[in-house]
Protein chains: 2
Amino acid sequence: MTMARILSPDVDAVDEAPDAPRRARGRPRKTADERDDGNRRLALITGAAKLFRSKGFDATSTRDIAAAVGMQSGSPFYHFESKGALLYAVMEEGMRSAIARQKLALDRAQTELSSVSKKEVPAQHARKVMTILVRNHFDILLGPGSDFIPVMLYESRSITELQRATLATLQSEYEAVWVPVLDALQASGQLKADVKLARLLIFGALNWSVQWYDLKKSASLDDLANAAMALFIQDKK
Amino acid sequence: MTMARILSPDVDAVDEAPDAPRRARGRPRKTADERDDGNRRLALITGAAKLFRSKGFDATSTRDIAAAVGMQSGSPFYHFESKGALLYAVMEEGMRSAIARQKLALDRAQTELSSVSKKEVPAQHARKVMTILVRNHFDILLGPGSDFIPVMLYESRSITELQRATLATLQSEYEAVWVPVLDALQASGQLKADVKLARLLIFGALNWSVQWYDLKKSASLDDLANAAMALFIQDKK
DNA sequence: CCTACCGATCGGTAGG
DNA sequence: CCTACCGATCGGTAGG
């Protein structure tokens, strides 16, 4: 899990500072406390994400969040400037994690695919990559610990324009991976719609699943991914 | 516009009551006032819809709504029991209007289609009907006065379970029209995915457009509908 | 991190 | 529908 490192780079940086004021050397307690600091921050983000997703940002009080991680009502503000800063932290962490997971999924698939058929028909290759991307996206949206991205998708009204702009950069990074794949699919006749609109519509279809998907009911994430592929991408004949 | 009648059936019913207590016969002022009552109620719903869509339900105060229609802070509660009741009224009106508009669009298309080709290939027919449905759906989501359905789609967390259940009935009515069309498209090989999942994914793709569609930018609603059709529905060859 | 607290806002109501 | 108002809740802070 790279979450903690991504979340609070500053904490790690201070860890080995040469002239820490009143920190006795070799006292393991302090070190434990510091790591705890990061954990508390992370706990707040995780707890907030869960509540923001289920109740919405506005309907969640900072007291709710504090209680969820076993703090008193004022304590979250020791870690975050404001409720909005906490929301933004959830979203940014969600995007960084999503980008990392997408890279990982592609790398994993890359080695598998290339070992099977080094020089495959480009159209077939594009289809396989697209399947990986879709399946991974469903995992990010609906899999275990999937509160961050849904919060980002459905609560972006509550962050500032500047924060939205920063997030947009990360979102572009995430979507950039899809563009050449969609281009290739269109070039081979497997995707008929305008590529830009197709991308928006496809993400809509996937992202909306947050509204209706129920783990306990029938369809698995694999089923979902297969249905989405069958719907969007035509067979190359 | 059938909105007013749909919204407050009770008002119309009382209008001709034989023994209205202190209402002088033939005083046109009173009649005007009563019609105004309906207008105020409708104004509240319309104003609330606009605010709920742009700021969200929780972030909109009943004072905001009152101000938007030129009332004092407590006055909305003369027309609605609670803020939640106002939200629900927006949603229910949105669904009833959407169902009515969908029927209208289909009727209009029906006469056109049948005059051109009385006995058409079923596959071609299904495709045309689907195009009508998609285009109409975009109109409901993004066209003029399109605040009601977006509010219903994105604020349903804030209504009660019972209200959600009632809305679900209306939503089923709306979606029921799509089912045979999708079945026909699948039967003719123009739709490859599982029909139920396809329906959910397609509605997702359409509904998500609320998040990104910008009237001022490039694509028209026709463009959108065409792109969606090209993406989901394959050509019958 | 906790305790104690503040100012602001909010949904809603009584009484006209 | 307006005026005046209430109780509750909320984000946030000071001071330890």
Side-chain angles (χ1 to χ4, degrees), chain A residues 8 10-11 14 22-23 29-48 51-52 55-90 155 157-160 163, chain B residues 8 10-11 14 22-23 29-48 51-52 55-90 155 157-160 163:
Chain A
S8 44
D10 40 320
V11 168
V14 182
R22 44 182 184 186
R23 196 176 306 155
R29 270 291 211 126
K30 278 293 173 195
T31 314
D33 278 3
E34 280 200 348
R35 196 184 304 129
D36 224 349
D37 247 32
N39 281 344
R40 300 300 16 215
R41 193 186 149 93
L42 185 56
L44 277 171
I45 294 186
T46 308
L51 286 166
F52 288 160
K55 303 175 52 173
F57 174 71
D58 287 308
T60 301
S61 71
T62 54
R63 284 163 172 82
D64 290 337
I65 299 167
V69 300
M71 285 180 183
Q72 294 303 314
S73 68
S75 302
F77 296 96
Y78 171 74
H79 296 278
F80 292 92
E81 274 188 28
S82 66
K83 188 188 177 191
L86 183 44
L87 173 62
Y88 179 72
V90 169
E155 301 293 341
R157 203 166 30 196
S158 297
I159 59 176
T160 69
Q163 291 173 325
Chain B
S8 44
D10 41 320
V11 168
V14 181
R22 43 181 185 188
R23 197 178 307 157
R29 271 291 212 125
K30 278 294 175 198
T31 314
D33 278 3
E34 279 201 347
R35 196 182 305 130
D36 223 349
D37 247 34
N39 281 342
R40 301 300 6 199
R41 194 186 147 91
L42 184 56
L44 277 171
I45 293 185
T46 309
L51 287 165
F52 288 161
K55 303 174 54 172
F57 175 71
D58 287 309
T60 301
S61 70
T62 55
R63 284 162 173 82
D64 289 338
I65 299 167
V69 301
M71 285 180 182
Q72 294 303 315
S73 67
S75 301
F77 297 96
Y78 171 73
H79 297 278
F80 292 92
E81 274 189 26
S82 66
K83 189 188 175 190
L86 183 43
L87 173 62
Y88 179 71
V90 168
E155 301 292 341
R157 204 166 26 196
S158 298
I159 59 176
T160 69
Q163 290 172 326

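Per chain, numbering begins at 1; letters A, B, ... match sequence-line order.
- Rounding to whole angstrom units, CD of residue B:Glu81 and C1' of C:dT13 are separated by 13 Å.
- Between the P atom of D:dC1 and the CZ atom of B:Arg41 lies a distance of 12 Å, rounded to the nearest Å.
- With rounding to whole Å, B:Asp58 atom CG is found 15 Å from D:dT9 atom P.
- Dashed line: the shortest gap from a side-chain N or O of B:Arg63 to OP1 or OP2 of C:dC10 is not under 4.0 Å.
- When distances are taken from the side chain of B:Phe77 to each of D:dT13, C:dT13, C:dC1, the shortest belongs to C:dT13.
- A donor-acceptor pair is defined here as one N or O able to donate and one able to accept, closer than 3.5 Å; no such pair exists between the side chain of A:Arg40 and the backbone of A:His79.
- In the set D:dG11, C:dG12, D:dC1, the nucleotide with an atom closest to the side chain of B:Lys83 is C:dG12.
- Ranking D:dC2, D:dG11, C:dC1 by closeness to the B:Ser75 side chain, first place goes to D:dC2.
- Of the candidate nucleotides C:dC1, D:dG12, D:dC2, D:dC2 has the atom lying nearest to any side-chain atom of B:Gln72.
- A sub-4.0 Å separation between OP1 or OP2 of D:dG11 and a side-chain N or O of A:Ser82 is absent.
- The side chain of B:Ser73 sits closest to C:dG12 out of C:dC1, D:dG11, C:dG12.
- When the nucleotides C:dG11, C:dC2, D:dC2 are ranked by their closest atom to the side chain of B:Thr62, C:dG11 comes out on top.
- Look at CG on A:Leu87: it is 16 Å from C1' on D:dC10, rounded to the nearest Å.
- Ion pair A:Glu155/B:Arg157 flagged as a salt bridge, since at least one NZ, NE, NH1 or NH2 atom sits closer than 4.0 Å to an Asp/Glu carboxylate oxygen.
- Straight-line distance from the CZ atom of B:Phe57 to the P atom of C:dC10: 13 Å, rounded to whole Å.
- Residue B:Ser61 is in sugar-phosphate contact alone, with no base atom involved, counting any heavy-atom pair closer than 4.0 Å across all strands shown.
- A donor-acceptor pair under 3.5 Å is absent between the side-chain atoms of A:Lys83 and the main chain of A:Phe77, judged by distance alone.
- The nearest heavy atom of DNA chain D to A:Asp64 and to A:Gly74 marks one nucleotide each, and the one closer to the 5' end goes with A:Asp64.
- For C:dG16, the paired base is D:dC1 (Watson-Crick or G-U wobble, both distances below 3.5 Å).
- When rounded to the nearest whole Å, the span between CD1 of B:Ile65 and P of C:dG11 equals 8 Å.
- Going from atom CE of A:Met71 over to atom C1' of C:dA4 covers 19 Å, rounded to whole Å.
- Here the OH atom belonging to A:Tyr88 is positioned 8.0 Å from the OG1 atom belonging to A:Thr160, to the nearest 0.5 angstrom.
- Between B:Asp64 and B:Lys55 there is a side-chain heavy-atom pair separated by less than 4.5 Å.
- Taking atom NZ of residue B:Lys55 and atom C1' of nucleotide C:dC10, one finds them 12 Å apart after rounding to whole Å.
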